[in-house]
2 protein chains.
Amino acid sequence: MTIQTRRERERAERERLIVTAARELAEAEGWDAVTTRRLAAEIEYSQPVLYSHFKGKDAIMAAVAVQGCADLAAELRAARTAAGGIRESLAAVAQTYTSFAQRRPALYDAMFTHLVDLPFATEEAPAPLWDAFGELLLAVEPIAAEGDDPGLLTETFWACLHGLATLTRSGRLPEGAHESRLALLVGHFAG
Amino acid sequence: MTIQTRRERERAERERLIVTAARELAEAEGWDAVTTRRLAAEIEYSQPVLYSHFKGKDAIMAAVAVQGCADLAAELRAARTAAGGIRESLAAVAQTYTSFAQRRPALYDAMFTHLVDLPFATEEAPAPLWDAFGELLLAVEPIAAEGDDPGLLTETFWACLHGLATLTRSGRLPEGAHESRLALLVGHFAG
DNA sequence: CCCTGATTCTAGCATCGCTAGCGATTCTGT
DNA sequence: ACAGAATCGCTAGCGATGCTAGAATCAGGG
């Protein structure tokens, strides 16, 4: 039995290694640089081992995305709990969210831009996804008017943040005025 | 001289053909199906002619994106002028925008999701881009509070629509409640 | 009629994601 | 302890991608 468990432990460790290497490589040089050959070289194994762990490159990206959601959830939680009032919490969360997208673009893309076959809005969604959404929910809930569904409001607010993050990062919105737009958004939701 | 002009005319015609074929193929089967070989076959020329017109596949996508902006601008204009009041115009424009993204996903991706080296927020941006933004501006301007920069507010509202469109289409937001989220957004901006 | 210049095509390169099939290594049963 | 069996990772290769170099073809001018 212990041999079996050691095998599984080593295997799990290697899987972790793959995901970590993929994330670091993506964050350093972008997802285009994350080829299966390059990734295999990075973990010092041959290409086909990747496919014994994941169905394909997309599945690896999905695993990275789940990790990223955990990171984002942690950052959001820290920002929210550090903020004072209701409106301040919302502003802090919004600021942290867009900052995350700008600081870690490759990670953000894997999470929310790249088309990936992760269950999202269902119960089968991985826990870190729910955690991240939950953090947004905790910040948005207090500003919901009576009769509003907080979940729906959170989804809407999230979408707004996502739009600001992606359009700004792709150069479709001038970067300089980002803070102003963020303030405008928070004002319209919490005002 | 007339020979020269005929040559140029034919060349321009072929360029138009390339962009149209690319757009139709993308809308029919998605951008993954738009390979240079497939596209060349579609226009009944060989592959390298594409590169005598465009720098590469990305440039072709950019050309398609500009066409798409013209289409979007036209749809937005129709929706806005058909609507009655200020709030109704905003709602109609929002509805039309997200509907466009859902009805023509490949086109929308080329315009606003795919990373493309088009000048966007500068004066060198192609006219259709400004037209589309201008339509949004005309709908948003009336609901701007005094002291608000209408341009900035439009950018923000646009980002919200973009976020809703992309997250819904990628399955990250449940599709059923889309209208509710749209109403929530319009309510928070025009309320 | 041949030459010159532009234009288009054939053929190929490097790289991509992914897979089949072999060799070696490790476990199992007697 | 040792032979058979099963698992594991590797080498090699497939089809397809974006893109390019050089041959071939066609037009116009002396």
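From a predicted model like this one, the values you see are computed outputs, not experimental measurements. Residue numbers start from 1 in every chain, and the chains themselves are labelled A, B, ... in the order their sequence lines are given, proteins ahead of strands.
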Original post:
Tell me: OH of B:Y51 to P of C:dA11, nearest whole Å?
Top reply: 18 Å
Subject >> Contact pattern, 5' to 3', of nucleotides 7-12 of chain D - B, S or - by protein heavy atom under 4.0 Å >> reply: --SBB-
Original post:
Side chains of B:R87 and B:P142: closer than 4.5 Å at any heavy-atom pair?
Top reply: no
Subject >> Salt-bridge contact A:R169-A:D109 (side-chain N to carboxylate O under 4.0 Å) >> reply: yes
**OP:** Write down the distance between NZ (B:K57) and C1' (D:dT20), rounded to a whole number of angstrom.
**Re:** 18 Å
Original post:
Is a salt bridge present between B:E75 and B:R103, judged by a nitrogen-to-oxygen distance below 4.0 Å?
Top reply: yes
**OP:** Take atom CD of A:E10 and atom C1' of C:dT26, then tell me their distance rounded to the nearest Å.
**Re:** 12 Å
Subject >> side chain to side chain contact (heavy atoms under 4.5 Å, CB included) between B:T20 and B:Q67, worked out >> reply: CA-CA 9 Å; B:T20 301; B:Q67 263 200 12; 4.3 Å; yes
Original post:
D:dT17 C1' sits how many Å from B:M61 CE, rounded?
Top reply: 15 Å
Original post:
Over how many whole Å does the gap from B:R38 atom CZ to D:dG18 atom P extend?
Top reply: 12 Å
Original post:
Does the side chain of A:D71 reach to within under 4.5 Å of the side chain of A:R104, using non-hydrogen atoms?
Top reply: yes
Subject >> Atom pair distance, as rounded to whole Å: CG in B:L39 and C1' in D:dT17 >> reply: 14 Å
Original post:
Once you round it to whole Å, what is the distance between P of C:dC16 and CZ of B:R37?
Top reply: 16 Å
Subject >> Residue from B:H178, B:R172, B:R181 passing side-chain hydrogen bond (donor to acceptor under 3.5 Å, both in side chains) with A:E155 >> reply: B:R181
